[in-house]
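Here is the structure we will look at.
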Protein chains: 2
Amino acid sequence: MSGKPYHHGNLKREFIEKGLKYIDRYGVESLSMRKLAESIGVSSAAPYAHFANKDAFLSAIREYITDSLSDALRSELEACQDPTKVMLMLGRRYVLFFYENPLYFQFLFTRKDIDFISYEPFLLFRPVAEEFLKGLHGKQLSGESLRCKTTAMWALVHGLAQFALIGGVLDKNNLEQEINSILCAVEV
Amino acid sequence: MSGKPYHHGNLKREFIEKGLKYIDRYGVESLSMRKLAESIGVSSAAPYAHFANKDAFLSAIREYITDSLSDALRSELEACQDPTKVMLMLGRRYVLFFYENPLYFQFLFTRKDIDFISYEPFLLFRPVAEEFLKGLHGKQLSGESLRCKTTAMWALVHGLAQFALIGGVLDKNNLEQEINSILCAVEV
DNA sequence: ACGCAATCTTATCACTGTCAAGATTGAAAA
DNA sequence: TTTTCAATCTTGACAGTGATAAGATTGCGT
């Protein structure tokens, strides 16, 4: 008879989406399960039917973000077929993703147990980088040297992403051009 | 008459040092003012005579860590006079610092208000990098290009520091050699 | 129609950061 | 020396947190 039904229906998804929005606006530190539950209009214990604990909930959000990033990179990959340019485009997209959602970066990499091996954006990155490097240096590029150069490119792009969301290092008025210039400034 | 005096004497310093140790072992997430106060043997409100709030306390620890890192870089700077090698040594020291204290990295860069402009390690880094780059490319290096290359070197070193403390990317059995190889893999 | 498993609520627990009020102290000022 | 005052610390409280147990409500398959 009352307005709300006893069962919400899509509580899990709504929790993830609202949590994502909250982090985007205020950061993780001040996010609480209770506030989130109240803002959805559900009791404070309700989320624990869907997430084992707060950490599991945050992991779900992280997965959501990582998937979004991976999707963005994949679409970039499909859009650009030029193998000499796709490297740059991927790096630029990676940096811009975190620039557009500054709080996501801190949120994603604020854990003791980060696992870069199964970090999908880099799994997408690696073959492209290797292809790119082979095209650049020919086949005399040894396995060891190839690995080092690939890692260096990862580190450069990832480090640049951190700078992009922090004031003062990059010129924000001309960000895309800036990123291009920096990524092109090194020769691997 | 009892064992402990009413006044601790050096509570502020002991709080910072114990907090540092705790973060090094368990991470920031589980650090609480109360537990820390109890482990020191002081009441839960005692720290608030020295720190405005928990955030101010954490900032003090961050400053402590950044100072330690800066000191390490400075001593590296003094030890190595060869301008062609000091670049590499600085980068290596930076990465190794965070490798030796893995939880410091997450702790330092987990804030909304990071300010890389006044981040002393990079203030030390910049002139060395510029000197290095000028020696490499001569004086035809434009101001814009110099800035981009310097930023690229920052990003590479900083990004590599993040990888170093995470399993799977770098070969930990041969870390120093690994870092050398990667830093040398790019030409700026 | 029945019953079960998923979902949600209520009540409660231990714990957290923080503050106000007051106790204790060292050191400067008289 | 005595007085006084600011710094320091304790006690006791408050609201807010994550989490759990016990029970209410519901949709769905049989």
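Below, chain A is the first sequence line, B the second, and so on; all start at residue 1.
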Side-chain heavy atoms of A:Ile182 within contact of A:Leu170, under 4.5 Å: yes
When the C1' atoms of the five terminal pairs at each end define the local axes, what inter-axis angle does the helix from C:dA1-D:dT30 to C:dA30-D:dT1 show, to 10 degrees? 10°
How many Å lie between CG on A:Leu11 and P on D:dT26, as a whole number? 16 Å
List, with names and distances, any nitrogen or oxygen atoms from the protein found under 3.5 Å away from nitrogen or oxygen atoms belonging to nucleotides 15-18 of chain D.
residue, atom, partner, partner atom, Å
D:dT17, OP1, A:Ser32, OG, 3.2
D:dG18, OP1, A:Met33, N, 3.0
D:dG18, OP1, A:Lys54, NZ, 3.1
D:dG18, OP2, A:Met33, N, 3.0
D:dG18, OP2, A:Arg34, N, 3.3
D:dG18, N7, A:Arg34, NH1, 2.5
D:dG18, O6, A:Arg34, NH1, 2.8

Do A:Gln106 and B:Thr110 have a side chain donor and acceptor closer than 3.5 Å? no
Can you spot which of A:Phe116, A:Phe122, A:Tyr119 makes a ring-ring contact (aromatic ring centres under 6.0 Å, His included) with A:Trp154? A:Phe122
Tell me: CG of A:Asn10 to P of D:dG27, nearest whole Å? 14 Å
Starting from P on C:dT18, measure out to CZ on B:Phe57 and report it in whole angstrom. 12 Å
First of A:Ser44 and A:His50 reached from the 5' end of DNA chain C, by closest nucleotide: A:His50
Please state how far atom CZ in A:Phe15 lies from atom C1' in C:dT7, giving the value in whole angstrom units. 13 Å
Just by distance, with hydrogens left out, do B:Ser118 and B:Asp115 show a side-chain donor and acceptor under 3.5 Å apart? yes
Quick check on side chain to side chain contact (heavy atoms under 4.5 Å, CB included): which of B:Leu31, B:Ile65, B:Leu20, B:Asp24 does B:Phe107 satisfy it with? B:Ile65
Within this structure, what is the CD-to-P distance between A:Glu38 and C:dT10, rounded to whole angstrom? 13 Å
Taking everything shown except A:Glu29 itself, do over 12 heavy atoms lie less than 6.0 Å from its CD? yes
Starting at atom CZ of B:Phe51, determine the distance to atom C1' of C:dC19, rounded to an integer number of angstrom. 18 Å
Expressed as a whole number of angstroms, how long is the span from A:Glu14:CD to C:dC8:C1'? 14 Å
Please test B:Glu144 against B:Lys149 for salt bridge (charged side-chain N to carboxylate O under 4.0 Å, His left out), starting from the C-alpha separation and ending with a verdict. CA-CA 9 Å; B:Glu144 187 64 14; B:Lys149 285 180 189 294; over 6 Å; no
Side chains of A:Phe15 and A:Ile61, heavy atoms from C-beta outward: is any pair under 4.5 Å? no
For A:Phe51, does the CZ atom have more than 12 heavy-atom neighbours from other residues, nucleotides or ligands under 6.0 Å away? yes
With nearest nucleotide decided by heavy atoms, which residue, B:Ser43 or A:Ala45, maps closer to the 5′ end of DNA chain D? B:Ser43
